[in-house]
Amino acid sequence: MYRLTVLYGHPENPAEFDRYYHEVHIPLAKKMKGLKGWTIGKCISADTVSAPPYYLIVSLYAKSAAAMQAILDSPEGKETVADVPNFATGGVTFLYDEEEVLIPFSLEASDV
C-alpha cells in the first residue's frame, strides 16, 4: 500500500483551522476518487511539558505510487491540494512511502 502522510504544523488559530478543515477541506477531499483509506488524528505530546511537533497527521492510502499520483493529478485532487494554503497557517509537510504492514488491523465502522 502506498501512503501520503500530511503533517500540519500548529495553526495560528486552532479553532478556525478545525472549523475550516472539517467544514470545507474534508468535503472537498472526499470528492477525490480512488483512495483506499484515509485517517486523521490530532497529535498528542509524548510528555506533559512540550507541545507535539505537529498539530494534525493525515494519512491517505492508494494501491501504488502511480495510483496516488493519478488521484492528486485529477481535477478533484488538484482542487484539494490547492485548498491547503487557505487554512494551513502553521505550515504543512507531505511525505510519501510504501507502507509495510507488520501487524494487520482494521477500524470497524462502529469504532470510529
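Predicted, not measured: the structure shown is a model, and the values here were computed from it. All residue numbers refer to positions in the sequence shown, counting from 1.
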Which atom pair, heavy atoms only, marks the closest approach of [X] to [Y]?
X	Y	value
Ala29	Thr80	CA-OG1, 3.5 Å
Asp47	Ser50	OD1-N, 2.7 Å
Leu56	Phe17	CD2-CE2, 3.9 Å
Ala88	Val92	CB-CB, 4.4 Å
Glu99	Arg3	OE2-NH1, 2.8 Å
Lys42	Asp18	NZ-OD2, 2.7 Å

Ignoring hydrogens and angles, tell me if any N or O in the side chain of Ser64 forms a donor-acceptor pair with the backbone of Ala67 under 3.5 Å. yes
Under 3.5 Å, is there a donor-acceptor pair between the side chain of Thr89 and the main chain of Glu12? yes
What distance do [X] atom [atom1] and [Y] atom [atom2] have between them, rounded to the nearest 0.5 Å?
X	Y	atom1	atom2	result
Glu16	Glu23	CD	CD	8.5 Å
Ser74	Lys31	OG	NZ	11.5 Å
Arg19	Asn13	CZ	CG	9.5 Å
Ile40	Ser59	CD1	OG	10.5 Å

Name of the residue among Phe87, Tyr55, Tyr54, Phe94 meeting ring pair (Phe, Tyr, Trp, His ring centres under 6.0 Å) with Tyr8: Phe87
Determine whether Glu79 and Glu76 satisfy the following criterion, side chain to side chain contact (heavy atoms under 4.5 Å, CB included), listing intermediate values before the conclusion. CA-CA 5 Å; Glu79 186 177 13; Glu76 298 84 4; 5.5 Å; no
Please evaluate residues Met68 and Leu60 with respect to the criterion side chain to side chain contact (heavy atoms under 4.5 Å, CB included), reporting the C-alpha separation (whole Å), side-chain torsions for both, the decisive distance (0.1 Å), and the verdict. CA-CA 9 Å; Met68 182 65 77; Leu60 302 172; 4.2 Å; yes
Going only through I, L, V, M, F, W and Y residues with side-chain contacts under 4.5 Å, is there a path from [X] to [Y]?
X	Y	answer
Tyr21	Leu35	yes
Tyr61	Leu72	no
Val84	Val24	yes

Hey, does Asp97 have a side-chain heavy atom less than 4.5 Å from the side chain of Thr5? yes
Side-chain touch Tyr2/Tyr96, heavy atoms, less than 4.5 angstrom: yes
Check the pair Ile26 / Leu28 against side chain to side chain contact (heavy atoms under 4.5 Å, CB included), numbers first and verdict last. CA-CA 5 Å; Ile26 286 177; Leu28 190 64; over 6 Å; no
Between Leu4 and Leu95, does a side chain to side chain contact (heavy atoms under 4.5 Å, CB included) hold up when you go through it step by step? CA-CA 6 Å; Leu4 163 57; Leu95 303 171; 6.0 Å; no
Say whether Asp83 and Tyr20, considering side chains only, have a donor N or O and an acceptor N or O under 3.5 Å apart. yes
CD of Glu98: more than 12 outside heavy atoms within 6.0 angstrom? yes
